[in-house]
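Worksheet for the structure shown next.
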Amino acid sequence: MGILALISLLSLFSGATRAVHPAQHISHSAILPHAEFAIPFTAKRPRRESKKHALRGLRGIYSKLRTNTVALDGGAFDTEYLVNITIGGKNFQVIMDTGSSDTWVVHTNFTCFDLSGNSIPAAACEFGPAQFDPADSLTFQLFPNVTFFVRYGSGESLSGPAGFDTVTVGELSVSKQEIGIPNHNAFLGDGVSEGVFGLAFPELTSVWNTTTAQNASGSNHILYNPFFLNAIQQNKIQNFFSISLNRPTFNQQAHDPFDPHLGFLAFGGSVPIPITDTAVTVPIQRYAANAAHIFVPSDAANATFTWYTVDIDSYTFPGSSTVPTTNNNTILDTGTTLNWVPTAVAVAYNAQFSPPATLDSDLGVYVVDCNATAPPFSVVLGGTSFAVDPRDQIVPQANHKDVDGNTICVSGTQDEGLDVPGNIFTLGDVFLHNVVVTYNPVDDEVTVAQRPHY
Ligand SMILES: *[C@@H]1O[C@H](CO)[C@@H](O)[C@H](O)[C@H]1NC(C)=O
Ligand SMILES: *[C@@H]1O[C@H](CO)[C@@H](O)[C@H](O)[C@H]1NC(C)=O
Ligand SMILES: *[C@@H]1O[C@H](CO)[C@@H](O)[C@H](O)[C@H]1NC(C)=O
Ligand SMILES: *[C@@H]1O[C@H](CO)[C@@H](O)[C@H](O)[C@H]1NC(C)=O
Ligand SMILES: *[C@@H]1O[C@H](CO)[C@@H](O)[C@H](O)[C@H]1NC(C)=O
Ligand SMILES: *[C@@H]1O[C@H](CO)[C@@H](O)[C@H](O)[C@H]1NC(C)=O
Ligand SMILES: *[C@@H]1O[C@H](CO)[C@@H](O)[C@H](O)[C@H]1NC(C)=O
Ligand SMILES: *[C@@H]1O[C@H](CO)[C@@H](O)[C@H](O)[C@H]1NC(C)=O
């Protein structure tokens, strides 16, 4: 997923929400029958000190929306988008993530670990207040003798029991949804979110036919349908969902840990957000991988669907004609804050800020003067060019100041490494603030539409 932990600056910079599996298992993703009605959703997450504010915001939104749309709030200084879900009758605030596939919420009885595996006090994991106690849910059924185990690109990992329960988002309810209830958690939380709501493909789910997480492997991977595909299979919704993520203001990002109503999630319908005529539908590309995690092209016989992956025709910005900007293997990930592009693109683009963004050797990311002028940047998909607002390219870091106490800013477009097979790039919230994306994991396509200037 794209889970980004706000607490740690470094975690912000990695493709933190992307799930990493012990090994890839080759199978065809489930293709599901169609269904009928719809529910929209949206949200980012509040930090605990802003909860009342958050609730007010949500109530205001709910009263104005159609019943099948939910509002998203901005959390962790707007590096994450939160959605309010119900499991077994209890509410949770969770990170909405198109970069992973599991829905999980933290177990009541959990042990917290640091990223090196040392046990630390539970409070250090910084989960929000709600926890899942299987004994409290009348509809929960344990999946015996298996383990839920997920690792994210940030180094965070969680494991514990898996089971089935009724999961509700907005007015869309799915019964017998497989979920994780991790109780061994190395997690960098934000004090508000209590789990993750994953919207990617079955291949990336994280339940294993073993009683110890260490033994999870491709040979004991038990795939399941994530929430959205189950909703379709249970004839509750049409084949697509759409998401809009609003751009936070600089001040909100720099100072306000919770930002209510920062977007929408709509199931089987469109988000209530205007779009322009600049729009295109492109195929979702597949991957396959061998045991060494080497991904093979979309047309390989053993390729399968994993993330919402698209081919990038090009990136355009001043000077872009001097470097190769075409690349495949780029995922659309609501759970990642920044864009993570091939090295050549990152180097050439960051040089165009005035003054230029510079690679900080300690942080390993491009930092930039908060008052710099950001160059224009467009993403060309399916022959159609989508502009990214320059305001998205200068991202303040709320929890990090320079020696003089000034806010540090990072570039919205960072270096993910060379464009070689097996490397995966990300268009995160920096890009997604500018478009409405409709995800169709049944027909395997996404539609991207440019939003008008806002
Ligand atoms: C989540 O939604 C429920 C039901 O609408 C509501 O009672 C609850 O207060 C919401 N929680 C948050 C944190 O917004
Ligand atoms: C909580 O978890 C610990 C460690 O897994 C276990 O020893 C203990 O029995 C559990 N407590 C309850 C009340 O389930
Ligand atoms: C789970 O494992 C235990 C011990 O190996 C075994 O006795 C039990 O039958 C298993 N349960 C299921 C449902 O497979
Ligand atoms: C787990 O593995 C055991 C032993 O190989 C097998 O009997 C069982 O059916 C598997 N369970 C699932 C859910 O795949
Ligand atoms: C895990 O794998 C190790 C090494 O292959 C094996 O000895 C052990 O029995 C396995 N444990 C479980 C619970 O499957
Ligand atoms: C999938 O096929 C490609 C060749 O098309 C091969 O390199 C790769 O190892 C295969 N993966 C698996 C898991 O068999
Ligand atoms: C990207 O993928 C397309 C097929 O989707 C393929 O035609 C093209 O050669 C690939 N480009 C690169 C640079 O790998
Ligand atoms: C940026 O400009 C504002 C005024 O526009 C000023 O208050 C602030 O100190 C400047 N920040 C930096 C890092 O120069």
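We number each residue from 1, following the sequence as shown. Numbering of ligands and ligand atoms starts at 1, following listing order.
Between the side chains of D333 and T426, no donor-acceptor pair is found at a separation under 3.5 Å. For the 3.5 Å distance criterion, the side chains of N220 and T210 fail to qualify, holding no donor opposite an acceptor. There is a side-chain donor-acceptor pair under 3.5 Å between N434 and D392.
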Would you give me the side-chain donor-acceptor pairs under 3.5 Å for residues 106-115, sequence neighbours excluded?
{"unit_1": "H107", "atom_1": "ND1", "unit_2": "N109", "atom_2": "N", "d": "2.9"}
{"unit_1": "T108", "atom_1": "OG1", "unit_2": "F132", "atom_2": "O", "d": "2.9"}
{"unit_1": "T108", "atom_1": "OG1", "unit_2": "D133", "atom_2": "N", "d": "3.1"}
{"unit_1": "D114", "atom_1": "OD1", "unit_2": "S116", "atom_2": "N", "d": "2.8"}
{"unit_1": "D114", "atom_1": "OD1", "unit_2": "G117", "atom_2": "N", "d": "2.9"}
{"unit_1": "D114", "atom_1": "OD1", "unit_2": "N118", "atom_2": "N", "d": "2.9"}
{"unit_1": "D114", "atom_1": "OD1", "unit_2": "N118", "atom_2": "ND2", "d": "3.4"}
{"unit_1": "D114", "atom_1": "OD2", "unit_2": "N118", "atom_2": "ND2", "d": "3.0"}

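Two rings, from F240 and Y439, have their centers 6.0 Å or more apart.
A pairwise comparison of heavy atoms in N246 and Y81 identifies O-OH, 2.6 Å as the closest pair.
In terms of N/O distances under 3.5 Å, ligand 2 is approached by N109.
Residues lining ligand 3 at a heavy-atom distance below 4.0 Å are given as P144, N145, ordered by chain and residue number.
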